[in-house]
Amino acid sequence: TQSTWVMRDGEKQKALLIMRKRKCQERLVEKTEGQLDNLETLVHDIEYAQVETEVVKGLEAGNNALKVLNQFLTLERVEQVMDDTREGIEYQRQISDLISGGITDEDESLVESELSWLCGVEDLDESLPAVPGDVDMPSAAAELSPVRVNDHSKSHQKTAVPV
């Protein structure tokens, strides 16, 4: 280094001055590096604070939007919309049933009643005794003449008269 060259030449005071100057410059560099670190930290903190500020502004905007929506969407209004929707769906189902020829609930209950009655008749057929097959029975068509209208009757009913 420069101080060793000066020492060789015998100038001890000059070498000491050079060494002191070098030491001051090293401290100045260390101090400057510390200040740069502090500035970097400060810049980072400022950027982070700006991000936090934007987040808070976003939260405030979201809360305000929710307040407006909550004023518009009251529970009563939502219930009314849901009821209207259910009524519309039911009305559309009825139209679809009419168009497609589907049966109504009343028709469905009539069909189920008829099925129950038929099941009862089948049970009745199973409980009746068997009819003997060797008995000779007269034919109903042979015993009846063609249908005549009884003109004296007020109801104008057709009756079959045996021959």
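Heads up: numbering here begins at 1 and tracks the sequence.
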Gap separating the OG atom of S113 from the CD atom of E108, nearest 0.5 angstrom: 10.0 Å

Please collect all side-chain hydrogen bond (donor to acceptor under 3.5 Å, both in side chains) contacts where either partner lies in residues 79-90, sequence neighbours excluded, each pair once. Q80-D84, D83-R86, E90-R93, E90-Q94

Would you say CD of E106 has more than 12 non-hydrogen atoms from neighbouring residues, nucleotides or ligands within 6.0 angstrom? no

For residues 58-71, please give each side-chain donor-acceptor pair under 3.5 Å, one per line with the distance, not counting sequence neighbours.
| from | atom 1 | to | atom 2 | distance (Å) |
| --- | --- | --- | --- | --- |
| N63 | ND2 | L59 | O | 3.4 |
| N64 | ND2 | E60 | O | 3.3 |
| N70 | ND2 | L66 | O | 3.2 |

Not counting sequence neighbours, list each pair that qualifies as a side-chain hydrogen bond (donor to acceptor under 3.5 Å, both in side chains) and has a residue in residues 23-33. none

Under 4.5 Å side-chain heavy-atom separation, chaining through any Ile, Leu, Val, Met, Phe, Trp or Tyr, what else clusters with M82? Say none if it is isolated. F72, L73, V78

Remaining members of L28's ILVMFWY cluster at a side-chain heavy-atom cut-off under 4.5 Å? none

Going by chain and number, the hydrophobic cluster around L42 (ILVMFWY, side chain to side chain under 4.5 Å) further includes I46

